[in-house]
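Small disclaimer: the values here were computed from a predicted structure and weren't measured. Only heavy atoms go into these numbers, but all of them, side chains included; no hydrogens, no water, no symmetry mates.
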Amino acid sequence: MKRLLIVGMVLAMASLAFAGGNPNVKAYVSFDQTGDGGLMHQYDMTMYVGFDAYFCFTDLDMGLTVVSFMINSPQAENPALFASQAFTNLLDIIVGDPFTGMSLASTTCRPGPVEVVGLLNLFPVGVGDACVLILDDPDFPRWVVDCTTPNGEVDFYCVESNGTIGAADCPPGDCGASPVEDATWGGIKALYR
């Protein structure tokens, strides 16, 4: 039911055109511990010193109100390395689960050009290598709803960089791989039939 509500919310906020004000929007993981979303995609952790991985969106020419994505679980993938992990939504609304797919929404326009939408706090009990990944939500496309009024418009993001802890061989971003194509409204509706 929550998934249906977020679809309704996104569709109500988004206009029928899929060429919004953020045509070059990108997502990335930052280990900038100031929380400002600085371009720090690699982190060397210290045992028993907690740290945060931030999920950021950049090139937001027209801001952000809704975004959908999923993240991996470093603790589940490396149980001997991390004692705990906790995701914090930095927008207003979260629908879904960060590790199985979520949509985050803000009740006000987040103006950009860089917005930090969430963080994953990790507490290491060992030293090693791991990845923090931005993954596709299994139920929703890679969309960002902008702040265009009266209704937001939708653009699709690429992943500029995932997060690397230690010397892990993490998947690179896909922004340079192939261009993200705009979808037609009929194509998006067909996803939900």
Side-chain angles (χ1 to χ4, degrees), residues 1-30 32 35-39 53-71 87-120 133-162 173-193:
M1 185 60 159
K2 286 183 181 180
R3 292 298 229 184
L4 190 55
L5 288 173
I6 195 72
V7 168
M9 181 178 69
V10 168
L11 294 178
M13 294 175 71
S15 72
L16 298 182
F18 281 85
N22 299 318
N24 300 312
V25 63
K26 299 171 190 71
Y28 64 91
V29 175
S30 171
D32 176 3
D36 293 334
L39 298 176
Y54 295 90
F55 301 93
C56 309
F57 288 81
T58 188
D59 294 337
L60 296 168
D61 300 328
M62 291 297 292
L64 173 144
T65 57
V66 178
V67 64
S68 296
F69 64 103
M70 180 173 84
I71 62 175
F87 180 82
T88 301
N89 172 25
L90 298 177
L91 299 183
D92 302 313
I93 301 166
I94 183 171
V95 176
D97 181 90
F99 307 109
T100 59
M102 66 183 162
S103 291
L104 304 178
S106 177
T107 56
T108 60
C109 176
R110 301 297 176 111
V114 175
E115 289 297 327
V116 181
V117 300
L119 68 89
L120 182 66
L133 307 175
I134 297 174
L135 305 168
D136 292 346
D137 184 307
D139 298 323
F140 297 103
R142 289 181 170 189
W143 57 21
V144 171
V145 179
D146 68 23
C147 300
T148 305
T149 57
N151 298 312
E153 295 179 344
V154 174
D155 284 297
F156 297 97
Y157 65 87
C158 61
V159 177
E160 184 174 58
S161 180
N162 287 300
D174 59 12
C175 286
S178 64
V180 178
E181 296 181 17
D182 286 339
T184 64
W185 179 239
I188 297 298
K189 288 194 309 189
L191 291 172
Y192 302 102
R193 288 188 185 149

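In this structure, the separation between CZ on Phe57 and NZ on Lys26 is 12.5 Å, given to the nearest 0.5 Å. Between the CG atom of Asp155 and the CG atom of Asp146 there is a distance of 6.5 Å, given to the nearest 0.5 Å. The distance from the CD1 atom of Ile71 to the CG atom of Leu133 is 9.5 Å, given to the nearest 0.5 Å. Rounding to the nearest 0.5 angstrom, the gap separating the CD atom in Glu160 from the CG atom in Asp174 is 10.5 Å. In this structure, Ser103 OG and Asn89 CG are separated by 11.0 Å, a value rounded to the nearest 0.5 Å. Atom SG of Cys56 is separated from atom CD1 of Ile134 by 7.5 Å, given to the nearest 0.5 angstrom.
Classified by interplanar angle (parallel below 30°, tilted 30° to 60°, perpendicular above 60°), the ring pair Phe55/Phe87 is tilted.
In terms of modelled atom types and a separation under 3.5 Å, the side chain of Tyr28 and the main chain of Gly37 share a donor-acceptor contact. Side chain of Ser68 to main chain of Trp143: no donor-acceptor pair is present (N/O by atom type, distance under 3.5 Å, no hydrogens or angles). Judged purely by atom type and a 3.5 angstrom limit, Asp36 has no side-chain atom pairing as donor or acceptor with the backbone of Gly38.
The two atoms that bring Phe156 and Pro141 nearest to each other are CE2-CB, 3.7 Å, heavy atoms only. Of all the heavy atoms in Gly101 and Pro138, the pair that sits closest is CA-CD, 4.1 Å. Looking at every heavy atom in both residues, Thr65 comes nearest to Cys147 through CG2-SG, 3.9 Å. Of all the heavy atoms in Leu91 and Ala105, the pair that sits closest is CB-O, 3.4 Å.
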Worked check of side chain to side chain contact (heavy atoms under 4.5 Å, CB included) between Val154 and Val145: CA-CA 5 Å; Val154 174; Val145 179; 4.0 Å; yes
Side chain to side chain contact (heavy atoms under 4.5 Å, CB included) evaluation trace for Leu104 with Phe69: CA-CA 9 Å; Leu104 304 178; Phe69 64 103; 3.9 Å; yes
Criterion side chain to side chain contact (heavy atoms under 4.5 Å, CB included) on Ile93 and Thr107, from CA distance to verdict: CA-CA 8 Å; Ile93 301 166; Thr107 56; 4.2 Å; yes
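Using a 4.5 Å heavy-atom threshold, the side chains of Asn22 and Leu64 count as separate. Counting heavy atoms from C-beta on, the side chains of Val159 and Asn162 come closer than 4.5 Å.
Annotation: salt bridge (charged side-chain N to carboxylate O under 4.0 Å, His left out) contacts of Asp136 (sequence neighbours excluded): Arg142. Considering only residues two or more places apart in sequence or on other chains, Asp92 meets the salt bridge (charged side-chain N to carboxylate O under 4.0 Å, His left out) condition with Arg110.
Just one of Val25, Asp137, Val144 meets the side chain to side chain contact (heavy atoms under 4.5 Å, CB included) condition when paired with Val67; it is Val144.
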